[in-house]
2 protein chains.
Amino acid sequence: MPKQSPATSKAQAKLKAPAAKRPASQAQAPVFNARIVGINYDILEELTGYAVRRAQLSIYADFTASLGAYDITPQRFSSLVIISNNPGISQTRLAEVMGIARSGVVAIIDNFEQAGLLERQDAGDRRAYNLHLTKEGQRQLEKYKQAVKEHDDRVSQQLTIKERQQLRALLGKLCIESK
Amino acid sequence: MPKQSPATSKAQAKLKAPAAKRPASQAQAPVFNARIVGINYDILEELTGYAVRRAQLSIYADFTASLGAYDITPQRFSSLVIISNNPGISQTRLAEVMGIARSGVVAIIDNFEQAGLLERQDAGDRRAYNLHLTKEGQRQLEKYKQAVKEHDDRVSQQLTIKERQQLRALLGKLCIESK
DNA sequence: TATTGTTATACTCTATAACTATA
DNA sequence: TATAGTTATAGAGTATAACAATA
């Protein structure tokens with residue numbers, strides 16, 4: 001096995017707590033107002049990257065506010081969806097899909113495993129694991145999905161269905177080299 | 001003065017180094033491939049938030065790769081642009097505009113001040129500072145702007161000018177409550 | 001009392017590198 | 001030698017809370 005057995009130290013690894021909502025005592029905090037009146041944004045107004053970043057921060061804020069009840073983040077949610085729909089995927093492959101380092105997925109998987117949402121199953125290769133959601137994991141994921149859909153709909157509510165598709169299509173064309 | 005004079009300990013505060021480019025020895029790293037063949041993304045394909053997040057990560061990666069020569073980040077760049085176009089702005093106001101905590105701007109400003117790019121000038125209110133770019137700061141900013149424009153153009157190269165405007169418009173409509 | 005800038009502290013995310021057990 | 005998972009470590013980012021100076 002990959003250095004230590006799944007049933008032992010792995011799942012017992014230190015894992016960060018859910019990170020509960022903190023009350024903003026003095027409100028010196030993270031509300032990324034879309035655009036502040038009286039401020040000149042100059043070139044920022046014309047940059048695709050700036051627009052994307054602003055949107056991303058706003059969406060992220062809404063996500064955490066909406067899903068605060070669950071111990072989930074966009075990153076963790078994506079992991080579950082990927083594993084659910086690509087059962088048996090390895091950690092290295094998952095890291096590749098998620099665009100993060102292999103070391104990063106360890107904590108994510110540890111956390112889910114300890115919560116009973118997934119299992120590291122034997123792969124043919126004894127160095128690797130096949131990741132699978134448990135029944136409980138699948139059940140939880142369905143709940144998350146529902147909540148995420150609601151969040152995403154709320155966030156996109158000013159756009160028609162057509163516009164949302166259009167937006168995704170445009171975003172999908174970014175960062176593509178013409179060569 | 002706000003607890004300590006600008007000329008003394010403030011600018012001398014610890015500031016993080018430029019964070020030079022690191023060679024990916026084993027390439028277990030951060031290349032967020034737009035979409036990986038053979039992977040089922042399920043619901044993620046339909047989420048506005050996911051599309052925005054992917055785009056943001058790709059753009060960020062291109063930004064750091066493109067601007068690696070300069071000691072700048074999207075965050076720092078935005079700060080300079082805002083200060084340049086809103087001279088005399090206070091740190092608290094800047095924090096508000098940037099959507100981060102006041103404590104966060106201190107390090108940013110310290111860094112710029114030590115680099116000679118900006119000055120904390122006296123405000124009428126002796127608790128506050130008026131932020132101004134120095135001549136050198138203005139000069140540097142122009143260079144950054146040029147590089148950022150090129151980066152943003154490259155990132156958006158698959159979109160027509162019209163589509164870019166369209167994209168920004170759509171992004172700007174996100175996260176708006178209809179009430 | 002309230003506000004500005006500051007500091008101290010802590011937590012999250014994620015990277016690199018080295019290590020282990022396999023292959 | 002190369003690969004999968006793991007660990008140790010470190011750095012960036014950013015938050016909260018408390019504090020000094022000032023309003």
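A note on names: the letters A, B, ... follow the listed sequences, proteins ahead of strands, and every chain is numbered from 1.
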Between Gln121(A) and Leu131(A), is there a side-chain heavy-atom distance shorter than 4.5 Å?
no
Just to verify, what does Glu46(A) make a salt bridge (charged side-chain N to carboxylate O under 4.0 Å, His left out) with, not counting sequence neighbours?
none
Starting from P on dT7(D), measure out to CD1 on Ile109(A) and report it in whole angstrom.
13 Å
To the nearest angstrom, how far is Tyr129(B) atom OH from dT3(C) atom P?
20 Å
Here the distance between atom C1' of dT3(D) and atom CG of Asp125(A), to the nearest Å, is 8 Å
Below the 4.0 Å mark, does dT14(D) have OP1 or OP2 next to a side-chain nitrogen or oxygen of Gln75(B)?
yes
Cation-pi, Tyr60(A) ring and Arg53(B) (6.0 angstrom, 45 degrees):
no
Please report, rounded to the nearest Å, how far the C1' atom of dA18(C) is from the CZ atom of Arg102(A).
11 Å
Between dA21(C), dG5(D), dA8(D), which nucleotide gets closest to the side-chain atoms of Arg127(A)?
dA21(C)
From dT4(C), dT7(C), dC13(C), nucleotide with atom closest to Thr73(A) side chain
dC13(C)
Classify the side-chain pair Ser178(A)/Gln157(B) by whether it contains a donor and acceptor separated by less than 3.5 Å.
yes
Tell me: CG of Asp122(A) to P of dG5(D), nearest whole Å?
12 Å
Relative to the ring of Phe63(B), is the ring of His151(B) parallel (under 30°), tilted (30 to 60°) or perpendicular (over 60°)?
perpendicular
Tell me which nucleotide among dG13(D), dA23(D), dT16(C) gets nearest to the side chain of Arg126(B).
dA23(D)
Whole angstroms only, please: what is the CD-P distance between Gln121(B) and dT4(C)?
19 Å
Given the structure, check if the side chain of Ser103(A) and the base of dT16(C) hold any donor-acceptor pair shorter than 3.5 Å.
yes
Heavy atoms from C-beta onward define the side chain here; which of dT16(C), dG5(C), dA15(D) lies closest to that of Ala101(A)?
dT16(C)
Just the rounded figure in Å: distance from P of dT3(C) to CD of Glu96(B).
13 Å
Would you mind reading off the distance between Asp110(A) atom CG and dT7(D) atom C1', rounded to a whole angstrom?
11 Å
DNA chain C: 5'-proximal contact among Ser90(B) and Tyr60(A) (nearest heavy atom)
Ser90(B)
